[in-house]
Structure formats: C-alpha cells, structure tokens
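Below, chains carry the letters A, B, ... as their sequence lines are ordered, and counting in each starts from 1.
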Protein chains: 2
Amino acid sequence: MRCLIVEDDDRIAADMAAALNASGFRSERLADGEMAWFAGGTEDYDLVVLDLGLPLLDGMTVLKRWRAEGRNMPILILTARGDWNDRVEGIDAGADDYLPKPFRMEELVARARALVRRASGRMNPIQQAGELVIDTNRQSVSVAGRQLSITPLEFRLLAYLVYNTARVVPPTELLEHLYGDDDSRDVNAVEAVVARLRRKTGPGIIGTRRGFGYYLEQLEQRR
Amino acid sequence: MRCLIVEDDDRIAADMAAALNASGFRSERLADGEMAWFAGGTEDYDLVVLDLGLPLLDGMTVLKRWRAEGRNMPILILTARGDWNDRVEGIDAGADDYLPKPFRMEELVARARALVRRASGRMNPIQQAGELVIDTNRQSVSVAGRQLSITPLEFRLLAYLVYNTARVVPPTELLEHLYGDDDSRDVNAVEAVVARLRRKTGPGIIGTRRGFGYYLEQLEQRR
DNA sequence: CACCGGTTGTCAGCGGTTTGTCAGCGACGC
DNA sequence: GCGTCGCTGACAAACCGCTGACAACCGGTG
C-alpha cells in the first residue's frame with residue numbers, strides 16, 4: 001500500500017507517516033502543492049492524504065486538477081476544524097473522505113484503511129495493452145481472448161508493466177516493486193518470473209531492451 | 001430512497017428529516033434503540049442515520065447487532081463532538097461513515113448522498129449467483145433449490161462473497177470482515193469456515209485462486 | 001449444576017504449487 | 001570473435017491451502 005502524504009507541517013507529516021507505516025502503508029511525503037500535483041499525476045498511489053492549506057498550490061486546486069485529469073486514487077483531505085464549507089466543497093470536488101484537524105492518529109488510520117478497502121472495487125479493474133487484458137478484480141489475465149493461469153508474483157509483475165505501458169522498466173525497479181526493500185534476492189529472480197510469464201503469454205508481449213529493462217510490446221506493433 | 005433516522009432529540013431529528021426529505025429521501029424517524037433495532041432488522045432502508053446515544057439500547061449495540069445479522073445497508077453514525085473513540089469503534093463495527101455533532105445539514109446531506117451512491121447495487125435482500133441463492137432477510141441459503149442449514153459465520157462469509165461476485169476476495173479481507181480488527185485470529189480460521197461451507201454446498205460454488213483468494217464460481221461456467 | 005448439541009478456533013500434517021537459485025547456454029553489441 | 005547480459009531448465013526449499021481431530025465455548029435442558 002503506497003501512500004502519499006501532502007502536508008506542509010513537518011511535525012504533523014512525520015506523525016502521520018509513522019502511524020500509517022505502522023499499519024502497513026509505505027508512505028511518502030511532499031510539502032507543497034506543486035510537487036504534489038506533479039507526483040500524483042505521474043506516480044501510482046493507493047491513497048493520498050491531502051492537506052488543503054499548502055504552499056505554492058492550494059490543496060483544493062490540486063484535488064480538482066487530479067480529478068480533471070482522470071486520476072482516480074482515493075483521496076482523504078484534511079480540513080481546518082469547523083470549516084465545513086471546505087469539507088462539502090472537497091467532497092464535491094472528488095475527495096473520498098475528509099478528516100477535520102486536529103485528529104487522532106488512530107482515526108486517520110481507521111479512515112485510511114476503510115478508504116483503501118472501499119476503493120479496491122471502485123477503480124477500473126480492467127486494463128489492457130493491445131492483445132493483453134488484465135483484470136485486477138478477478139486477478140485474471142488473457143491474451144487475445146485466451147485465459148491464462150497466472151501465479152500471484154507473475155500477476156504483480158505483469159500488472160506493473162501494464163501500469164507502465166510504453167516505458168522500459170529496469171529489472172531493479174521490478175525487483176523493488178515485487179519484494180520491497182528485501183534485497184536478499186537476485187535480479188535473476190525477476191528474469192525467472194519473466195521467463196515463466198513469457199512461456200504462458202507466448203512471444204510478442206513482454207519485450208527486453210538489453211541493458212535497460214522490460215516493456216510491453218503490444219503498442220509498438222501498431223506503429 | 002428510504003431513510004431511517006434514529007435520534008432521540010426531537011428538534012435535531014426534525015431538522016434532519018427536513019433536510020433529507022428536501023433532497024429526495026423519504027425519511028422515517030425512531031427515537032430509541034430497541035425500536036430501531038427491530039425496524040432495521042425487518043425493514044429495508046437505503047440508508048440509516050444512527051445516533052449513538054440512545055435510550056433503551058445503545059446505538060453501537062444496535063449497529064453491531066445489525067451487522068452480526070448480516071444487514072448491510074449503509075449506516076451513518078452520529079457521534080458526540082471530539083469523541084474519536086466512538087468513531088473508530090463505530091467504523092470498525094461496520095458503520096460506513098460518521099458525522100461528529102454538531103454538524104451542518106448541508107454536510108449531512110452531502111454525506112448521505114455519497115453513501116447511497118456508494119452502496120447502490122448491493123442492497124437487494126435476495127441475491128444470487130448461478131445456482132446459489134441467499135436471502136439476507138431470512139439468513140437462508142440454497143443451492144439449486146436445495147435449502148442448506150448454515151451457521152451465522154458461514155452465512156456472513158458467503159454473503160460477502162456474493163456481494164463481491166466476480167471478484168477474488170483475499171482471505172485477509174475475509175478475516176477482517178468476519179472478525180473486525182481483532183487480529184487474534186489466524187487465516188486458517190477462514191480456511192476452516194470455507195471448508196465447512198464447501199462440505200455443505202458441494203463443489204463448484206466456492207473457488208480458490210491460489211495466492212489470491214476465494215471467489216464464487218457460478219458465473220464462470222458460462223465460458 | 002451437569003449434560004448436550006452445535007458452533008468455531010487451533011493445531012498438525014499432507015500434498016501440490018510456487019518460487020529462488022544455480023549452472024549452463026545463447027545471443028547481442030562492440 | 002569475445003565478453004557480457006539475459007534466458008532457460010532443473011531442482012530444492014518454502015509456502016499455501018486443505019483437512020480431520022480436538023478443545024473451548026455457548027445456550028438450552030433436564
């Protein structure tokens with residue numbers, strides 16, 4: 001569970017990060033609206049905790065821009081105490097929940113978990129790239145309409161590539177995505193998974209760019 | 001949109017009813033926990049607004065009982081201002097959202113609408129998936145017309161799968177659904193319940209996707 | 001209060017699957 | 001043609017999910 005915290009107050013941000021990390025999130029923190037907007041527009045988070053009062057770019061604006069761009073991750077906004085106007089506006093602008101400041105960390109965590117749980121059904125579960133279709137609800141994968149039986153690890157790797165279509169993903173990045181900080185594993189582990197995947201998908205799906213990494217081929221054929 | 005308001009303060013109840021009715025709800029009001037429990041257990045509401053401080057039967061208790069009975073309508077709880085303990089407990093007990101008192105009516109309405117939007121589609125008391133039919137009113141289950149005798153826990157698990165048809169549900173999610181945050185229990189508890197269920201339903205109902213979770217098989221047969 | 005039936009969590013053991021490693025091989029780039 | 005990088009098949013270890021047995025628990029009953 002990757003979580004973005006956007007909050008300009010160092011102290012509060014640190015507290016939130018600690019609380020969220022303690023309950024299974026990997027949280028990253030940004031302190032101003034512009035960086036947040038950029039990061040939220042390019043990176044994939046499972047949850048964003050967004051303070052409304054931010055330097056450079058107002059939180060509400062960031063929220064609206066993300067939604068206008070079609071970004072659909074769950075967003076929890078932090079509002080000033082009693083400012084119910086912001087809350088209503090925030091919900092209408094596409095926030096999934098709000099938390100009035102000040103709040104207890106336990107509450108933040110409870111809400112964060114509830115949001116993530118809820119969101120897993122709401123986001124578009126079906127992604128495709130050319131002949132390849134993956135369904136994150138059924139955890140299923142098909143190529144040209146043919147269903148494949150896929151293991152969890154293979155699925156995660158493939159989903160990551162689909163999420164990063166038309167980009168070459170370095171094996172080290174895949175290594176980190178699959179195993180987190182546990183660096184006990186070799187890059188060869190990734191190669192092995194890719195090999196098993198290719199045996200199932202057939203050729204023409206996962207490509208290799210020697211020295212750089214892996215990518216999904218489908219889109220390039222069309223050129 | 002049928003809405004139940006459970007609130008002992010006449011004034012507040014009237015205000016809420018007015019606000020909700022103004023935005024398209026048909027609201028009914030009850031003033032104590034016992035009547036609420038009974039009504040919520042037998043009638044079908046699209047939304048329940050539940051005050052926690054109630055005469056005769058505490059709101060939290062009502063909430064827990066409903067959820068234990070498998071009632072799954074969206075529930076918005078009203079908590080005393082600052083009582084974050086209640087909020088967390090309430091969310092964990094199965095409330096879908098909370099609103100700290102005092103609140104603005106605009107806010108109540110915004111939240112109520114959001115909840116109903118979120119919940120639509122999973123409210124019918126009788127649900128089926130292929131040969132399987134479950135009735136959340138009578139807590140009954142049948143497969144191919146044959147009635148099964150089912151325990152409460154088994155029922156809740158099965159109902160959860162039915163509400164998440166065509167989605168693979170991770171055992172950890174089931175664990176959380178069945179036991180809340182009480183993490184004293186092992187995933188094996190879920191496996192045991194599934195095993196007992198399968199013995200009753202026969203094969204072809206609950207499927208396993210190794211490494212991912214459980215799902216209802218019925219719909220897939222058509223492939 | 002003892003007993004009983006039904007329900008549920010835990011435990012241990014099993015079989016099959018998944019996955020990391022290793023070593024050897026192929027192929028690509030220079 | 002050579003070195004490096006990536007691929008692959010084999011293998012063993014770890015893991016996952018299933019099951020039967022058992023014990024704890026609960027509510028009802030004699």
Write down the atom of B:Leu178, the atom of B:Leu153, and the distance for their closest heavy-atom approach.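 Looks like CD2-O, 4.2 Å.
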
Within this structure, what is the CD-to-P distance between B:Glu191 and D:dC16, rounded to whole angstrom?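 Taking CD of B:Glu191 and P of D:dC16, I get 10 Å after rounding.
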
Write down the distance between CG (A:Asp182) and P (D:dC15), rounded to a whole number of angstrom.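 Going from CG in A:Asp182 over to P in D:dC15 covers 11 Å.
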
[X]/[Y] ion pair, N-O < 4.0 Å:
{"X": "B:Asp10", "Y": "B:Arg29", "value": "yes"}
{"X": "B:Arg111", "Y": "B:Asp97", "value": "yes"}
{"X": "A:Arg146", "Y": "A:Glu131", "value": "no"}

Spatial distance of atom CG (A:Leu4) from atom CG (A:Leu20) [nearest 0.5 Å]: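 One finds 11.0 Å between CG of A:Leu4 and CG of A:Leu20.
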
Are B:Arg209 and B:Tyr215 in a cation-pi setup, meaning NZ or CZ lies under 6.0 angstrom from the ring centre and within 45 degrees of the ring axis?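 Checked: cation-pi criterion met.
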
Please determine whether the number of non-hydrogen atoms from other residues, nucleotides or ligands lying under 6.0 Å from atom CD of A:Glu176 exceeds 12.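 No, CD of A:Glu176 has 12 or fewer neighbouring heavy atoms, counting only those of other groups under 6.0 Å.
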
CZ/A:Phe38: more than 12 non-hydrogen atoms of other groups inside 6.0 Å: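 Incorrect, the count does not exceed 12.
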
With a 4.0 Å cutoff (strictly under), does any side-chain N or O of B:Arg199 reach OP1 or OP2 of D:dC18?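 For D:dC18, neither OP1 nor OP2 has a side-chain N or O of B:Arg199 closer than 4.0 Å.
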
Taking OP1 and OP2 of D:dC18, is either one under 4.0 Å from a side-chain nitrogen or oxygen of B:Tyr214?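 It does, given that an N or O in the side chain of B:Tyr214 lies less than 4.0 Å from OP1 or OP2 of D:dC18.
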
List the protein contact pattern of nucleotides 25-30 of chain C with one symbol per nucleotide (5' to 3'): B for base contact, S for sugar-phosphate-only contact, - for none; contact means a heavy-atom distance under 4.0 Å. --BBS-

Side chain to side chain donor-acceptor pair (under 3.5 Å) involving A:Asp183 - partner list, sequence neighbours excluded: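 Side chain to side chain donor-acceptor pair (under 3.5 Å) list for A:Asp183, sorted by chain: empty.
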
With sequence neighbours left out, write down each residue that passes side chain to side chain donor-acceptor pair (under 3.5 Å) with A:Asn188, or none if nothing qualifies.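 Partners of A:Asn188 by the side chain to side chain donor-acceptor pair (under 3.5 Å) criterion, ordered by chain and then number, come out as A:Glu191.
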
Pull out every protein N or O sitting under 3.5 Å from an N or O of nucleotides 24-26 of chain D, one pair per line with the distance.
none

Evaluation steps, salt bridge (Lys or Arg N to Asp or Glu O under 4.0 Å), between B:Glu173 and B:Arg167: CA-CA 12 Å; B:Glu173 186 179 331; B:Arg167 185 178 145 242; 2.7 Å; yes

Five-pair end axes of the helix from C:dC1-D:dG30 to C:dC30-D:dG1, angle between them (10°):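 Rounded to the nearest 10 degrees, the bend comes out at 30°.
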
Show the distances under 3.5 angstrom between N or O atoms of the protein and N or O atoms of nucleotides 6-10 of chain C.
from   : atom 1 : to       : atom 2 : distance (Å)
C:dT8  : OP1    : B:Leu153 : N      : 3.2
C:dT8  : OP2    : B:Thr151 : OG1    : 2.4
C:dG9  : OP1    : B:Tyr179 : OH     : 3.2
C:dG9  : OP2    : B:Tyr179 : OH     : 2.8
C:dG9  : O6     : B:Arg196 : NH2    : 2.5
C:dT10 : OP1    : B:Ser184 : O      : 3.3
C:dT10 : OP2    : B:Asp186 : N      : 3.3

Start with the C-alpha distance between B:Arg210 and A:Ser149, add both sets of side-chain angles, then the distance that settles side-chain hydrogen bond (donor to acceptor under 3.5 Å, both in side chains), and finish with yes or no. CA-CA 10 Å; B:Arg210 183 170 242 266; A:Ser149 101; over 6 Å; no

Is the shortest side-chain heavy-atom distance between A:Phe155 and A:Thr136 below 4.5 Å?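 They are in side-chain contact.
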
